[in-house]
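Structure first, then comments.
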Amino acid sequence: MSRVAGTVKIGIAELEIVKHDTLIRTSGLGSCVGLVLYDRSSKIAGMAHIMLPDSTLSKEASLNRAKYADTAIDALVDKMIIEGVKKHRLLAKLAGGAQMFQFSTASDTMRIGPRNVESVKKRLSQLMIPVESEDTGGKSGRTIEFNPATSLLHIRTVNKGESMI
């Protein structure tokens, strides 16, 4: 059993890092993906609540790097390296990417959840960060909480209960 000092909450299109005995949590994951990057040896972890697959979709004057898969992962890695994490030791866990609504068209535009998951995995592969485990897809929302001391991701899924990966 590990001692917990507190919990850092991550909002939609936000990212943050924690150390040792501080938990990190995000809720409201529907089509969004909750990505956790962590280093077992330093017990430093980062989490991003990613909303969309690609920053080229942005129409904002100032880009929120935490909002898009292709920019959030790089921003999180950069932030963790500043804290002393070695990139080659990073592992990933992810959850979310649900298809929350059914649409009558087969348009790829409406498949935000699956596209988010694909984009996150593609960028992680490009950065050579292995995905250790995931709980993605489905049609239900999730809340996730990561403990850097144990490297366990606790997942609560609407109407489906809890799991640990």
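Values below: all heavy atoms of this structure, side chains included; hydrogens, waters and symmetry mates excluded.
- Atom CG of residue Leu94 and atom CG of residue Leu124 lie 7.0 Å apart, to the nearest 0.5 angstrom.
- Rounded to the nearest 0.5 angstrom, Ile44 CD1 and Thr22 OG1 are separated by 11.5 Å.
- Taking Ile, Leu, Val, Met, Phe, Trp and Tyr as members and joining any whose side-chain heavy atoms lie under 4.5 Å apart, directly or through other members, the hydrophobic cluster of Met164 also contains Leu152.
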For the pair Ile24 and Glu145, evaluate side chain to side chain contact (heavy atoms under 4.5 Å, CB included) and give the outcome as yes or no after the intermediate values. CA-CA 6 Å; Ile24 191 164; Glu145 183 174 274; over 6 Å; no

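- Considering all non-hydrogen atoms of both residues, Asn147 and Ala149 come closest at OD1-N, 2.8 Å.
- In this structure, Ser62 has no side chain to side chain contact (heavy atoms under 4.5 Å, CB included) partners at least two apart in sequence or on a different chain.
- The shortest non-hydrogen separation linking Ile50 to Ala69 is CG2-N, 3.4 Å.
- When the side chains of ILVMFWY residues are joined at heavy-atom separations under 4.5 Å, either directly or via intervening members, Ile165 and Ile10 end up in a single hydrophobic cluster.
- Both Ile17 and Leu90 are members of a single hydrophobic cluster when ILVMFWY side chains are connected at heavy-atom separations under 4.5 Å.
- Val117 is connected to Leu37 through a chain of hydrophobic side-chain contacts under 4.5 Å among Ile, Leu, Val, Met, Phe, Trp and Tyr, so both are in one cluster.
- Residues Ile73 and Met47 are members of separate hydrophobic clusters, defined by side-chain heavy-atom contacts under 4.5 angstrom among Ile, Leu, Val, Met, Phe, Trp and Tyr.
- A distance of 13.0 Å separates CZ in Arg89 from CD1 in Ile129, rounded to the nearest 0.5 Å.
- In the hydrophobic cluster analysis, where Ile, Leu, Val, Met, Phe, Trp and Tyr join through side-chain heavy atoms closer than 4.5 angstrom, Val120 is grouped together with Leu76.
- Taking the side chain as every heavy atom from C-beta outward, Ile144 and Thr26 approach each other to under 4.5 Å.
- Checked against side chain to side chain contact (heavy atoms under 4.5 Å, CB included), Arg40 has the following partners two or more places apart in sequence or in another chain: Tyr38, Leu91, Glu132, Ser151.
- Residue pairs meeting the ring pair (Phe, Tyr, Trp, His ring centres under 6.0 Å) criterion with at least one partner in residues 111-144, sequence neighbours excluded, are absent.
- Partners of Thr157 according to the side chain to side chain contact (heavy atoms under 4.5 Å, CB included) rule, which considers only residues two or more places apart in sequence or in another chain, are Asp135, Ser140, Arg142, Ile155, Lys160.
- Inter-residue side-chain proximity for Arg65 and Asp78 is flagged as met; some heavy-atom pair is nearer than 4.5 Å.
- When all heavy atoms of Ala72 and Leu15 are compared, the pair lying nearest together is O-CD2, 3.7 Å.
- In plain terms, the two heavy atoms of Met51 and Ile112 that are nearest each other are O-CG2, 3.9 Å.
- For the pair Glu118 (side chain) and Arg115 (backbone), a donor-acceptor distance under 3.5 Å is absent.
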Check: residues 79-86 side-chain donor-acceptor pairs under 3.5 Å, at least two apart:
residue	atom	partner	partner atom	Å
Lys79	NZ	Glu16	OE2	3.3
Glu83	OE1	Lys19	NZ	2.7

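- Pairs engaging residues 68-77 under the salt bridge (charged side-chain N to carboxylate O under 4.0 Å, His left out) rule: Asp74-Arg123 [sequence neighbours left out].
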May I have the step-by-step check of side-chain hydrogen bond (donor to acceptor under 3.5 Å, both in side chains) for Thr143 and Arg25, ending in yes or no? CA-CA 7 Å; Thr143 293; Arg25 175 189 308 149; over 6 Å; no

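- Taking Glu134 as the reference, Lys121, Thr136 meet the side chain to side chain donor-acceptor pair (under 3.5 Å) condition, with sequence neighbours excluded.
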In residues 29-36, what donor-acceptor pairs under 3.5 Å come from side-chain atoms, sequence neighbours left out?
none

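- Remark: Ser163 pairs with no residue by the side chain to side chain donor-acceptor pair (under 3.5 Å) rule, at least two apart or across chains.
- Legend: residues meeting side chain to side chain donor-acceptor pair (under 3.5 Å) with Asp54, ordered by chain and number and at least two apart, are Thr56.
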Would Lys67 and Glu60 count as a salt bridge (charged side-chain N to carboxylate O under 4.0 Å, His left out) here? Give the steps. CA-CA 11 Å; Lys67 188 173 182 177; Glu60 304 162 356; 2.7 Å; yes

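- In terms of the side chain to side chain contact (heavy atoms under 4.5 Å, CB included) criterion, residue partners of Pro148 (sequence neighbours excluded) are, by chain and number, Val18, Ala45, Phe146.
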